[in-house]
Amino acid sequence: MATTIPVRENIITWALDRAGYDLAKFSLKYPTLNVERWLQGEKQPTVKQLEDFSKKVHIPFGYLFLQEPPNEEIDFPFFRSGQARPNYTVSPNIYDTILELERRQDWLRDYLIELGSEPLDFIGKFNNTTIVNVFVNDLRAKLNLAENWYLACKTWEDSLTMLMDAIEKIGIIVVQNGVVGNNMHRPIPVDECRGFVLVDEYVPFMFINNTDAKAAQLFTLIHELAHIWLGKSAGFNQDQLLPADNDLELICDQVAAEFLVPKNQLLSQWKNIQDIQLLATRFKVSTIVIARRALDLNLITKPQFFSFYNNYMEWAKAKQDSKGSGGDFYRTTKRRVSPTFASYVDSAVKSGRLTYKDAFKLTGLFGDVYTRFINQNVIGS
């Protein structure tokens with residue numbers, strides 16, 4: 001006879017609520033678990049049933065034996081557009097993504113220290129009183145990019161790739177994903193999170209929501225980069241690409257705008273060209289970034305920008321939907337894991353400092369999938 005375990009009603013109801021279920025909805029979807037009978041005291045679950053339950057509600061198995069639900073506040077601010085005060089609580093999918101990247105960051109920090117690496121010299125270099133042009137020029141210098149760096153790119157999609165590669169070269173891990181790990185059933189909605197950054201003096205981690213329009217990802221990328229120079233971890237949703245009412249968010253937006261579309265160059269072009277599409281082509285950024293910059297410089301009004309933004313996002317969503325959810329798994333995974341992070345994991349495995357089992361856990365890839373991924377994305381493997 002299978003061993004049964006008594007459950008705590010407060011933990012079960014918390015777990016259901018955390019996963020977005022009410023009792024009736026969950027019981028209808030998973031009737032064989034008999035969760036209603038657990039809560040009514042008519043039946044106790046087996047270990048296997050509890051394990052199954054924990055997977056369905058996306059919590060660690062051990063949480064089911066706590067006296068009280070755990071505190072899942074994050075330890076850095078999460079900003080919402082238009083809000084002066086940040087949140088310190090996020091949805092489960094964002095929370096679990098943060099935990100996953102913190103685990104990777106903790107391992108890589110220890111590994112880099114073990115190898116004798118020094119702290120990065122640009123962490124916390126500036127503050128919110130730094131002159132924007134000084135800030136932007138320092139970013140460009142560190143990334144080894146000229147003011148007109150975008151001329152080397154054919155499209156703004158190329159600009160995004162070029163910037164992510166340049167950022168990784170200076171020791172920052174860039175993760176581009178739209179779900180928790182590889183779980184396509186756990187999406188991260190753009191209206192909750194466009195990105196977040198985990199600042200660390202040895203290895204900062206940046207997260208970009210890959211379900212967002214590529215146009216917006218470009219802006220988010222530099223916004224997050226500015227946070228690293230400020231030495232402040234943060235998350236943000238940037239509704240309609242507008243910042244929260246916060247000094248740090250405002251300067252990060254100003255830096256992103258100037259970095260991507262320098263003020264003097266746009267004003268010079270605007271005298272003869274007031275066509276956002278054509279300007280986007282010239283600056284190798286998306287039309288929405290040009291529109292956002294034009295708003296900053298009072299070249300267009302807020303109603304004009306919002307109209308443009310909403311039309312653009314509808315077009316981008318329709319374009320994404322027409323492509324479907326397919327694609328090259330290994331190409332997608334390259335950005336979900338980060339090629340730089342993967343190279344460190346591979347190096348640690350080959351030197352005997354990390355087991356394959358732990359490498360599988362860190363990357364979320366297992367067996368032959370891990371091996372093939374490493375062979376495709378790590379030079380010298």
Side-chain angles (χ1 to χ4, degrees), residues 58 60 76 93-123 143 160-184 186 188 195-210 217 221 224-225 228 233 235 327-381:
H58 311 298
F76 59 86
N93 287 0
I94 300 173
Y95 181 79
D96 290 344
T97 298
I98 291 171
L99 289 187
E100 178 183 30
L101 295 196
E102 285 180 338
R103 283 192 291 269
R104 292 184 189 179
Q105 187 179 56
D106 289 344
W107 172 79
L108 186 50
R109 180 198 306 111
D110 292 343
Y111 181 61
L112 291 174
I113 292 173
E114 184 181 347
L115 294 178
S117 298
E118 296 294 330
L120 300 172
D121 60 6
F122 50 83
I123 308 297
L143 295 174
L160 180 61
T161 299
M162 179 180 178
L163 286 175
M164 288 193 293
D165 290 343
I167 289 169
E168 289 227 331
K169 283 181 182 178
I170 65 171
I172 299 169
I173 302 298
V174 182
V175 173
Q176 205 181 18
N177 203 352
V179 297
V180 181
N182 294 314
N183 190 340
M184 300 304 293
R186 300 192 65 190
I188 300 173
F196 61 82
V197 57
L198 304 175
V199 175
D200 178 86
E201 62 179 345
Y202 283 92
V203 58
F205 269 60
M206 297 169 62
F207 174 84
I208 306 292
N209 193 334
N210 196 38
Q217 291 180 45
L221 185 72
E224 289 185 330
L225 188 65
I228 292 173
S233 298
D328 185 323
F329 171 80
Y330 290 96
R331 184 178 179 183
T332 301
T333 302
K334 176 182 177 180
R335 289 301 180 185
R336 285 181 176 175
V337 174
S338 154
T340 302
F341 182 78
S343 69
Y344 280 122
V345 171
D346 180 57
S347 176
V349 169
K350 288 178 176 176
S351 67
R353 290 185 171 93
L354 188 70
T355 66
Y356 273 102
K357 182 179 179 181
D358 287 334
F360 295 164
K361 289 180 180 178
L362 282 170
T363 60
L365 305 172
F366 300 86
D368 292 342
V369 174
Y370 169 84
T371 302
R372 183 177 175 185
F373 172 78
I374 292 295
N375 288 340
Q376 287 186 5
N377 294 285
V378 177
I379 297 175
S381 294

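Any value given below was found using the heavy atoms of this structure, including those in side chains, with hydrogens, waters and symmetry copies removed. For clarity, every value in this text was computed on a predicted model and none was experimentally measured.
Of the possible donor and acceptor atoms, one in the side chain of Thr97 sits under 3.5 Å from a partner among the backbone N and O of Asn93. Checking side-chain atoms of Asn182 against main-chain N and O of Leu365 turns up no donor-acceptor pair under 3.5 Å. Side chain of Ser351 to main chain of Ala348: a donor-acceptor pair is present (N/O by atom type, distance under 3.5 Å, no hydrogens or angles). Checking side-chain atoms of Ser233 against main-chain N and O of Val199 turns up a donor-acceptor pair under 3.5 Å. In this structure a side-chain-to-backbone donor-acceptor pair under 3.5 Å is present from Asn177 to Gly181. Checking side-chain atoms of Gln376 against main-chain N and O of Tyr330 turns up no donor-acceptor pair under 3.5 Å.
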For Val349 and Thr355: C-alpha separation, side-chain torsions, deciding distance, then whether side-chain contact (heavy atoms from CB on, under 4.5 Å) applies.
CA-CA 6 Å; Val349 169; Thr355 66; over 6 Å; no

Show the numbers, then the answer: is there a side-chain contact (heavy atoms from CB on, under 4.5 Å) between Arg335 and Val175?
CA-CA 6 Å; Arg335 289 301 180 185; Val175 173; over 6 Å; no

Take Leu225 and Leu221 through the test side-chain contact (heavy atoms from CB on, under 4.5 Å) and record every step on the way to the result.
CA-CA 6 Å; Leu225 188 65; Leu221 185 72; over 6 Å; no

Apply side-chain contact (heavy atoms from CB on, under 4.5 Å) to residues His58 and Asn183 and explain how you reach the verdict.
CA-CA 11 Å; His58 311 298; Asn183 190 340; 4.1 Å; yes

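No side-chain heavy atom of Leu354 sits under 4.5 Å from any side-chain heavy atom of Tyr111. With contacts defined as side-chain heavy-atom distances shorter than 4.5 Å, the pair Tyr344/Leu112 qualifies. By the 4.5 Å heavy-atom criterion applied to side chains, Arg336 and Asn210 are not counted as neighbours. Side-chain contact between Val203 and Ser117 is absent, with no heavy-atom pair separated by less than 4.5 Å. Arg186 places a side-chain heavy atom less than 4.5 Å from the side chain of Asp96. Between Gln176 and Gln217 the shortest side-chain heavy-atom distance falls below 4.5 Å. Side-chain atoms of Phe207 and Ile188, non-hydrogen and from C-beta on, do get closer than 4.5 Å to each other. Side-chain atoms of Thr363 and Phe373, non-hydrogen and from C-beta on, never get closer than 4.5 Å to each other.
Rounded to the nearest 0.5 Å, atoms CD1 (Ile172) and CD (Glu224) are 10.0 Å apart. Here the CD1-CZ distance, from Ile170 to Phe122, works out to 4.0 Å after rounding to the nearest 0.5 Å. Note that NZ of Lys334 and CZ of Arg331 are 8.5 Å apart. Values are rounded to the nearest 0.5 Å. Separating the CD atom in Glu100 from the OH atom in Tyr95 is a distance of 13.5 Å, to the nearest 0.5 Å. In this structure, the separation between CG on Leu108 and CG on Asp200 is 9.0 Å, given to the nearest 0.5 Å. With rounding to the nearest 0.5 Å, the separation of CZ in Arg353 from CG in Asp110 is 12.5 Å.
Smallest separation of non-hydrogen atoms from Ile123 and Pro204: CD1-CG, 3.5 Å. Of all heavy-atom pairs spanning Leu120 and Tyr202, the tightest one is CD1-O, 3.6 Å. Across all their heavy atoms, Ala359 and Val345 have their closest contact at CB-CG1, 3.6 Å.
Here the options are Val197, Ile167, Thr340, the test is side-chain contact (heavy atoms from CB on, under 4.5 Å), and the partner is Val174; only Ile167 passes.
Taking the charged nitrogens against the carboxylate oxygens, Lys350 and Asp346 do have a contact shorter than 4.0 Å, which makes a salt bridge. Salt-bridge check for Asp106 with Arg109: passed, with a basic side-chain N closer than 4.0 Å to an acidic carboxylate O.
For Glu114, the CD atom sits in a packed shell: over 12 heavy atoms of surrounding residues, nucleotides or ligands are nearer than 6.0 Å.
Geometric assessment of Arg104 against the ring of Phe205 yields a negative cation-pi assignment under the 6.0 Å and 45° thresholds.
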